[in-house]
Participant: 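Attaching a single structure in C-alpha cells format; questions to follow.
The sequence lines fix the lettering, A, B, ..., with proteins before strands; numbering per chain opens at 1.
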2 protein chains.
Amino acid sequence: MNGGMSVGDTAALAGVTVRTLHHYDRIGLLSPSGRTAAGYRQYAPADLERLHQVLLYRELGFPLEEVATLLDDASADPAEHLRRQHRLLRDRLERTQAMVAAVEKEMEARAMGISLTPEERFEVFGDWLPEEYAAEAEEKWGGTDAWAQSQQRTRAMTKEDWLRVKAEGDDVERRFAGALAAGVAPASEQAMDLAEEHRQQISRNFYDCSPEMHAGLGRMYVEDERFTAYYERIAPGLAQYVSTAVQANAARQG
Amino acid sequence: MNGGMSVGDTAALAGVTVRTLHHYDRIGLLSPSGRTAAGYRQYAPADLERLHQVLLYRELGFPLEEVATLLDDASADPAEHLRRQHRLLRDRLERTQAMVAAVEKEMEARAMGISLTPEERFEVFGDWLPEEYAAEAEEKWGGTDAWAQSQQRTRAMTKEDWLRVKAEGDDVERRFAGALAAGVAPASEQAMDLAEEHRQQISRNFYDCSPEMHAGLGRMYVEDERFTAYYERIAPGLAQYVSTAVQANAARQG
DNA sequence: GCTTGACCCTGACGCGACGTCAGGCTGTTG
DNA sequence: CAACAGCCTGACGTCGCGTCAGGGTCAAGC
C-alpha cells in the first residue's frame with residue numbers, strides 16, 4: 001500500500017486523460033516507477049515531477065521525442081530546465097503581447113477607416129522575412145483599388161450600430177479639436193477627462209481597454225504616420241495633442 | 001496578369017508551407033478565389049485576409065473545422081472576430097503570465113530548499129478542480145519522506161556551483177538580518193542596495209529578474225507562509241523587512 | 001459469498017493537420 | 001530550346017492522442 005497514485009488520480013491531478021499517460025508510458029517518455037501485482041500503474045512523486053516537466057515542454061510546443069531527450073539528458077540539471085522554461089515562456093509572453101497589440105491596432109485602424117497592409121497583418125506570425133515579399137506583393141496588387149473594395153465589404157456591424165459608434169467617436173474627436181483650438185493644455189484635467197471618455201468609448205464599443213493599453217494607442221498615434229494623418233486631417237497638431245492627453249490620463253490612473 | 005498571388009508567394013508571406021494552403025483548399029477552409037488557365041491557385045487580397053483570420057484562430061487552438069464555421073458564420077462581422085480574438089489573446093496572456101510566475105516561484109523555492117506540492121505545480125495547467133484531489137493526494141503520501149528524497153536527487157548543478165550560489169544567498173540574507181537588527185529602515189537606501197544586490201544575484205544564478213518581477217517575489221515572501229517561515233527562521237520580522245526593501249527598490253528603479 | 005459498478009489493463013483502429021515523396025505539367029530565363 | 005524553379009494532384013506517413021473492444025480487479029453493499 002501507499003506505493004503511489006493510480007493512473008486515474010494522476011491524470012485528474014495533472015489535468016490530462018488516462019490515455020495520455022498510457023501513451024507516455026508506451027513511448028517510454030514517462031513510465032510509472034511501480035506496478036501493483038495486478039499490473040496497475042503506480043505513479044510516485046518523482047514521476048509526477050517528471051510529468052510536470054513533460055507538460056510544460058509540451059505546452060511550449062516541443063514534440064514528445066524531443067521532450068524525452070531534454071529530460072533524459074543527464075547533463076541538464078533541473079535548474080537548467082527551469083531557466084530554459086523561463087526563457088521560452090517569456091518569449092511566448094512577448095509574442096502574445098505583440099499579437100494583442102496587432103489586434104488592437106487592427107481595431108483602431110478599422111475604426112478610423114484605415115486599411116493595414118497584409119505584410120503588417122502577418123508580421124506577428126514569427127520568423128518574418130520582410131523586404132523580399134514586401135516588394136513583391138506591393139508590385140503585384142499594392143496600389144490598386146482591390147483593397148478598398150475588400151475593405152468595404154468587411155465592414156458590417158449592422159450599419160446602424162456602426163453609425164452610432166462612428167458618431168460617438170467623431171464627437172470626442174471634435175471636442176479634442178475644440179480643446180486644442182481653445183488652447184487647453186493637453187495634460188490638463190479637461191483634456192485628460194476627454195481622454196478618459198475616449199478610453200471608455202473604446203471599451204464599450206470595441207474591447208476592454210485598460211489605461212496602459214490606451215497609453216500604447218496614444219503612442220501609436222504619433223509613431224504611425226497613417227494614424228497621425230488621420231488626426232492631422234481633423235486639425236493640425238491634433239495627433240500629438242490627443243497622444244499627450246491620452247498618456248497623461250493613463251499616468252494619473254496608475 | 002495581376003490576378004492574385006501564387007501559392008508559394010502567399011505561403012511565404014504568411015509564414016506557412018505550400019502544403020498547408022493545399023490542405024486548406026482541399027478541406028474547403030480557404031479556397032483561392034481564382035485559378036489561372038493552367039490551374040495555378042491565385043490568392044486575392046480577400047483570401048489573404050481570410051488566411052490571416054484562419055491563422056489567428058488556429059494559433060489560438062481552434063480545430064480547423066471550427067475555424068471554418070466561425071468564419072463562415074454570416075452573423076459574425078469582422079469586428080466581432082477582432083473582439084473575440086482580443087479576448088482569447090488576453091486570456092492566453094494571463095495564462096502565460098501565471099506559468100512564468102509559477103516557474104519563478106519554483107526557482108525561488110528550490111533556492112530556499114522548500115518543496116512545493118504537486119497540486120501547486122499542476123495548478124497552472126488550466127481547468128483546475130482543487131479540494132477533491134488535494135485531499136486525496138495529501139492522504140496518500142503527503143507527509144512522508146518521499147518528497148524529501150526526491151528533492152535530494154533533483155538538486156544537481158554540480159555541487160560546487162550550488163554551494164557557491166547558496167553561500168552568496170546566505171550572505172545577502174545575513175546582511176539583511178544585520179540591517180534589520182541595526183534598526184536600518186527597510187526603505188532606506190542601504191536596505192534598497194541590499195535588495196538590488198539580491199535581485200542581481202537572482203539574475204546571475206537563476207534567471208533574468210526585472211525589478212517588477214523582483215517586486216512580485218517580494219510580495220510572495222509575505223503572502224506565502226512557507227517563504228515567510230524561511231525568512232522568519234533566520235530572524236523574526238525578516239520576511240516583512242526583505243519584502244518591503246525589495247519592493248521599495250523596485251519602485252525607485254521605475 | 002456474491003454481485004455490482006467504478007477503475008484498471010492491453011490491443012487496435014481512427015483522426016486532425018499536415019510532411020513528404022512521386023510523377024507530371026508550366027513558364028521564365030540564359 | 002533546354003534547364004530549372006515552381007505549380008499541380010494523388011497517396012502514403014507521422015504525431016499525439018481519442019475511442020471503442022474485450023477482459024481482469026477490487027472495495028462496497030446486499
Participant: Rounded off to whole Å, could you give me the CG-to-P distance for the A/Asp9 and C/dC7 pair?
Facilitator: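 Between P of C/dC7 and CG of A/Asp9: 9 Å.
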Participant: Taking the side chain of B/Arg35 as heavy atoms from C-beta outward, which of D/dT9, D/dG18, D/dC17 is closest to it?
Facilitator: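 Per side-chain heavy atoms of B/Arg35, the pick is D/dT9.
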Participant: OP1 or OP2 of D/dC17 sitting under 4.0 Å from any side-chain N/O of A/Tyr24?
Facilitator: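 True: A/Tyr24 side-chain N/O within range (under 4.0 Å) of D/dC17 OP1/OP2.
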Participant: Quick one: list whatever passes salt bridge (charged side-chain N to carboxylate O under 4.0 Å, His left out) with A/Glu59, sequence neighbours left out.
Facilitator: A/Arg92, B/Arg95
Participant: Mind calculating the distance between CG (B/Leu29) and C1' (C/dA17) to the nearest angstrom?
Facilitator: 11 Å
Participant: Starting from C1' on C/dA17, measure out to CZ on B/Arg19 and report it in whole angstrom.
Facilitator: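 One finds 9 Å between C1' of C/dA17 and CZ of B/Arg19, rounded.
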Participant: So for A/Tyr40 and D/dG24, does any side-chain atom that can act as donor or acceptor lie under 3.5 Å from a complementary atom in the base?
Facilitator: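 Checked by distance alone, the answer is yes.
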Participant: Give the rounded distance in Å between these two atoms: CG of A/Asp25 and P of C/dT10.
Facilitator: 7 Å
Participant: Is it true that B/Arg219 and B/Asp224 have a side-chain N and a carboxylate O under 4.0 angstrom from each other?
Facilitator: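 Salt bridge flag = no for B/Asp224 with B/Arg219.
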Participant: Is the phosphate of C/dG19, meaning OP1 or OP2, less than 4.0 Å from a side-chain N or O of B/Thr20?
Facilitator: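 Affirmative; the distance criterion is met.
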Participant: Tell me whether the side-chain N/O atoms of B/Ser6 come closer than 4.0 Å to OP1 or OP2 in D/dG6.
Facilitator: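 For D/dG6, neither OP1 nor OP2 has a side-chain N or O of B/Ser6 closer than 4.0 Å.
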Participant: Does A/His22 make a side-chain N or O approach to OP1 or OP2 of D/dC17 shorter than 4.0 Å?
Facilitator: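 No, no such contact exists.
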Participant: Students often get this wrong, so: under 4.0 angstrom with heavy atoms, is B/Val18 touching a base, only sugar-phosphate, or nothing?
Facilitator: nothing
Participant: Can you check the B/Glu65 CD to C/dG16 C1' distance for me, whole Å?
Facilitator: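 It works out to 10 Å between those atoms.
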Participant: Could A/Asp9 and A/Arg41 be called an ion pair, given the rule that one side-chain N must be under 4.0 Å from one carboxylate O?
Facilitator: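 Looking at A/Arg41 together with A/Asp9, the answer is no, because their closest N to O distance does not fall below 4.0 Å.
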Participant: What contact category does A/Thr36 fall into here, base, sugar-phosphate, or nothing, at under 4.0 angstrom with non-hydrogen atoms?
Facilitator: nothing
Participant: Taking only Lys NZ, Arg NE, NH1 and NH2, and the carboxylate oxygens of Asp or Glu, determine whether B/Asp72 and B/Arg50 approach each other closer than 4.0 Å.
Facilitator: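 Salt bridge flag = yes for B/Arg50 with B/Asp72.
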Participant: Rounded off to whole Å, could you give me the CZ-to-P distance for the A/Arg26 and D/dG18 pair?
Facilitator: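 Taking CZ of A/Arg26 and P of D/dG18, I get 14 Å after rounding.
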Participant: For a quick test of reading the model: is some side-chain N or O of A/Arg58 closer than 4.0 Å to OP1 or OP2 of D/dC17?
Facilitator: yes
Participant: Are the side chain of B/Thr228 and the backbone N or O of B/Tyr221 linked by a donor-acceptor pair below 3.5 Å?
Facilitator: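 The answer is yes, because a donor-acceptor pair under 3.5 Å joins these two groups.
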Participant: Measure CG/B/Leu21 against C1'/C/dT20 and give the value in whole Å, please.
Facilitator: 16 Å
Participant: Between B/Arg41 and D/dT9, is there a side-chain N or O to OP1/OP2 distance below 4.0 Å?
Facilitator: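 Looking at the OP1 and OP2 atoms of D/dT9, one of them is under 4.0 Å from a side-chain N or O of B/Arg41.
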Participant: Quick one: A/His23 NE2 to C/dT10 C1', roughly how many Å, whole number?
Facilitator: 15 Å
